[in-house]
Amino acid sequence: METGEQKNVIEKIKKTAGELEPKLTAIRRELHQYPELGVDLPKTHEIISRELRKIPGLEVQEHKAGGFGIVAVMRGKRSGGKTVLLRADIDALPIEEKGEWGYKAKNPGCMHACGHDGHAAWLIGAAMLLSEIREEWGGCIKFVFQPGEEVGKGADTLICEDKVLEAPDVDMAFAAHGWPSIESGRIGIARRYAFGCVGSFRVKITGKKGHASWPEQTIDPIAAAGEIYQHIPAILTRKIGGTASKVMSVTYMQAGDPKVRNVIPETCEFGGTMRAARRETLEIMGRELKQEAKAVCSVYGASCEVDVQFHGGAVENAQSLLNGVRNAASQILGQGQAYMIEEDNLGGENFAEYSARVPSVYLFIGIRPAGEKEIPGLHSPDYRFDDRVLGKAAGVFAAIGYYGCMGKL
C-alpha cells in the first residue's frame with residue numbers, strides 16, 4: 001500500500017519532470033550533433049560531465065570504462081536504504097544521417113541511430129529529479145553512462161576494473177531503450193528476456209573450380225552452401241524444443257567474381273548471426289550447424305571450415321522486481337501505460353553483464369509519436385527520436401530509483 005508521503009514524492013517528480021523537458025531536449029539535441037563511436041567519446045563525455053556537475057549532491061567520476069565512461073554517485077539524506085544502479089549507453093553508430101533538421105549530426109558518417117543520445121539525456125534528467133528530493137530517500141544511486149555498447153564493450157570494464165557494482169554493493173540495476181514500435185507515453189517490460197544471448201557463425205566451403213559448361217568436372221561450393229542454408233530451419237525446429245526462443249539468420253553469402261559468368265568458383269563463404277534466450281540453446285545451434293555443414297560437404301566431396309563464436313549473455317529481467325517496476329512507471333505515466341511483453345526479445349545488449357550479477361530490469365520506452373503507425377527502426381539512417389518522451393522517461397527512472405532505494409520495488 002502506497003503511503004501519502006510516497007504519493008507526494010511521486011507528484012513532485014511528475015511535476016518537475018514536465019518542467020525539465022525543454023532542458024533535456026536541448027541536451028539530447030546537442031549530443032545528437034556530436035555522435036562518436038565505440039569507447040572514444042571525448043565530446044560526448046564533455047557534454048554529459050558538464051551537465052552532471054550542475055546537479056547538487058552528485059559526485060561525478062570521469063574517465064571510466066577505460067577512457068570516456070562516467071559514473072555519478074548520489075546519496076539520499078535519510079538513513080539506511082539500498083543501492084540502485086541506473087545505466088545509459090552513450091555511443092553512436094557508423095551511419096550517415098539522412099534526416100534534415102537543425103541539430104543534424106556534424107561528424108560525417110556517424111549518427112545516433114539507436115537513440116543513445118536520448119538515453120543519456122533522460123538519465124541526466126533522472127539525476128536532476130532525484131537531487132530535488134534527496135531529503136525523501138536514503139541509500140545510494142549510481143548513474144552510469146557507458147560507452148562502447150554497440151561494439152560489445154564498456155560494461156565489463158566498468159564492472160571488473162572500475163568496480164561499479166561495489167563500494168557500496170549494488171542491490172539492483174535498471175536500464176532502458178527507446179523503442180520505435182511502442183507508442184510514445186507507453187513502456188513495455190519483457191516478462192522474461194529483454195535481450196538474448198548473441199552468437200555468430202561463418203562457413204567456408206572449398207570445392208573444385210572449373211568451367212560452368214562442364215559442372216560434372218567441378219565440385220560446386222555454391223550448391224553445397226545453398227543446401228546447408230536450406231537445412232537451417234530444420235536445425236531450429238528438429239534439434240531444439242519448439243518453446244525455446246531462438247533465431248539463426250544468414251546475413252551474407254559470397255562466391256565467385258560477378259564479372260566472370262562462366263566459371264564455377266573454388267570457394268563459397270556465408271555467415272550471420274544466431275540468437276537464443278539461453279546459452280545452452282545457442283551452443284546446440286552451433287554444434288548442429290557444424291555437423292550439418294560437414295555432412296552436406298561430404299556428400300558433395302567438398303571440405304568446409306565452420307567458425308562459431310559466442311559474444312554475450314542474455315538480459316533476463318528479475319521476476320522479483322517486475323511488478324514494482326511496472327507500478328513505479330505507471331505512477332508517472334498513468335495506469336495501463338506500462339505493460340508486460342510476453343514474448344522474448346532476441347536482440348543483443350551488454351547490459352547482460354549487469355543483469356548476470358545483480359537483479360535487474362530492462363525497459364522499452366516508446367518513442368513512436370501518437371497517430372503514426374510506423375517510424376524508422378533502430379540503426380536506420382532515417383531514425384528519429386521523440387523528444388516529448390524525455391521528461392516522462394526521466395520521471396520513470398527517478399521513480400524507480402526512489403522506490404528501489406526505499407525497498408519498495
Side-chain angles (χ1 to χ4, degrees), residues 1-25 27-28 84 86 88 115 118-119 121-133 136-137 141 172 174-192 194 317-343 345 360-375 384-409:
M1 181 69 67
E2 193 168 42
T3 67
E5 181 184 21
Q6 291 167 4
K7 289 181 180 178
N8 290 336
V9 170
I10 294 300
E11 286 303 314
K12 185 173 183 179
I13 289 175
K14 288 171 66 175
K15 179 179 183 299
T16 310
E19 296 169 353
L20 280 179
E21 192 168 287
K23 181 180 292 187
L24 299 182
T25 297
I27 293 170
R28 204 282 297 181
V84 175
L86 305 176
H119 303 177
W122 69 42
L123 192 57
I124 293 171
M128 294 175 177
L129 293 169
L130 286 160
S131 175
E132 291 283 328
I133 58 167
E136 309 296 338
W137 56 276
I141 298 178
M172 60 196 82
F174 304 91
H177 206 299
W179 217 245
S181 62
I182 297 177
E183 185 177 352
S184 298
R186 305 197 75 200
I187 286 179
I189 309 169
R191 189 174 295 280
R192 296 187 301 172
N317 281 342
Q319 298 300 302
S320 61
L321 295 173
L322 288 180
N323 288 336
V325 168
R326 179 169 57 177
N327 176 66
S330 297
Q331 295 295 317
I332 302 299
L333 304 176
Q335 292 303 314
Q337 297 301 93
Y339 66 97
M340 305 308 301
I341 300 172
E342 301 300 332
E343 301 82 11
N345 173 46
S360 302
V361 174
Y362 198 106
L363 303 90
F364 300 110
I365 296 179
I367 59 168
R368 174 171 54 83
E372 295 193 38
K373 293 183 178 180
E374 185 177 0
I375 63 172
R384 50 193 168 89
F385 190 96
D386 186 0
D387 288 319
R388 290 169 293 186
V389 310
L390 288 170
K392 289 182 177 179
V396 168
F397 267 104
I400 290 172
Y402 166 71
Y403 281 123
C405 281
M406 299 296 286
K408 299 297 183 181
L409 285 181

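For the numbers below, each heavy atom of this structure counts, side chains included, while hydrogens, waters and symmetry mates do not. Since the model is a prediction, treat every value here as computed from it, not as a measurement.
- The heavy-atom pair separating Pro369 from Ile375 by the smallest distance is CD-CG2, 4.0 Å.
- Residues passing the salt bridge (charged side-chain N to carboxylate O under 4.0 Å, His left out) test with Glu343: none are found, sequence neighbours excluded.
- Within a 6.0 Å sphere centred on CD of Glu374, other residues, nucleotides and ligands contribute 12 heavy atoms or fewer.
- By the side-chain hydrogen bond (donor to acceptor under 3.5 Å, both in side chains) test, Tyr362 pairs with Glu349, sequence neighbours left out.
- Leu130 contributes atom CG, which lies 4.0 Å from atom CD1 of Ile141 (distance to the nearest 0.5 angstrom).
- In terms of heavy atoms, Ala194 sits closest to Phe364 at O-CZ, 3.4 Å.
- Under the rule for a side-chain contact (heavy atoms from CB on, under 4.5 Å), the partners of Gln319 that lie at least two apart in sequence or sit in another chain are Arg191, Leu322.
- In terms of the side-chain hydrogen bond (donor to acceptor under 3.5 Å, both in side chains) criterion, Arg186 has no residue partners (sequence neighbours excluded).
- Taking 4.5 Å as the limit, every side-chain heavy atom of Leu409 sits out of range of all side-chain heavy atoms of Val361.
- Contact between Ala399 and Ile332 at its shortest, heavy atoms only, is CB-CG1, 3.9 Å.
- Here the straight-line distance linking atom CG of Leu129 with atom NZ of Lys14 works out to 13.0 Å at 0.5 Å rounding.
- Separating the NE2 atom in His119 from the CZ atom in Phe385 is a distance of 6.0 Å, to the nearest 0.5 Å.
- Taking each heavy atom of Gly391 and Ala17 in turn, the nearest pair found is O-CB, 3.3 Å.
- The distance from atom CH2 of Trp122 to atom CG of Leu24, rounded to the nearest 0.5 Å, is 11.5 Å.
- Not counting sequence neighbours, the partners of Arg192 by the salt bridge (charged side-chain N to carboxylate O under 4.0 Å, His left out) test are Asp344.
- Asp387 contributes no side-chain N or O that, together with a main-chain N or O of Thr25, makes up a donor-acceptor pair within less than 3.5 Å.
- Evaluation of the side-chain hydrogen bond (donor to acceptor under 3.5 Å, both in side chains) rule for Glu11 yields no partner, not counting sequence neighbours.
- Counting heavy atoms from C-beta outward, Ile365 and Val396 have side chains that stay 4.5 Å or more apart.
- The shortest heavy-atom contact between Ile187 and Ala329 is CD1-CB, 4.4 Å.
- Qualifying side-chain contact (heavy atoms from CB on, under 4.5 Å) partners for Asn327, counting only residues two or more places apart in sequence or in other chains: Gln331.
- Glu5 pairs by the side-chain contact (heavy atoms from CB on, under 4.5 Å) definition with Thr3, Arg78, Glu136, not counting sequence neighbours.
- By the side-chain hydrogen bond (donor to acceptor under 3.5 Å, both in side chains) test, Lys15 pairs with Glu19, sequence neighbours left out.
- With sequence neighbours left out, Ser330 forms a side-chain contact (heavy atoms from CB on, under 4.5 Å) with Arg326, Gln335, Ala338.
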Assess the residue pair Met128 and Lys23 against the criterion (side-chain contact (heavy atoms from CB on, under 4.5 Å)); give the C-alpha distance rounded to whole Å, side-chain angles, the decisive distance to 0.1 Å, and a yes or no. CA-CA 11 Å; Met128 294 175 177; Lys23 181 180 292 187; 3.7 Å; yes

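- Residues satisfying the ring-ring contact (aromatic ring centres under 6.0 Å, His included) test with Tyr403, not counting sequence neighbours, are none.
- The shortest heavy-atom contact between Ala190 and Asn317 is O-ND2, 2.8 Å.
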Pairs under 3.5 angstrom only: tabulate donor-acceptor contacts from the side chains of residues 174-185 to other protein residues two or more places apart or in another chain.
from   : atom 1 : to     : atom 2 : distance (Å)
Ser184 : OG     : Arg368 : N      : 3.3
Ser184 : OG     : Arg368 : O      : 3.2
Ser184 : OG     : Asp386 : OD2    : 2.7

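- Taking CD1 from Ile189 and OH from Tyr339, the interatomic distance works out to 9.5 Å, rounded to the nearest 0.5 Å.
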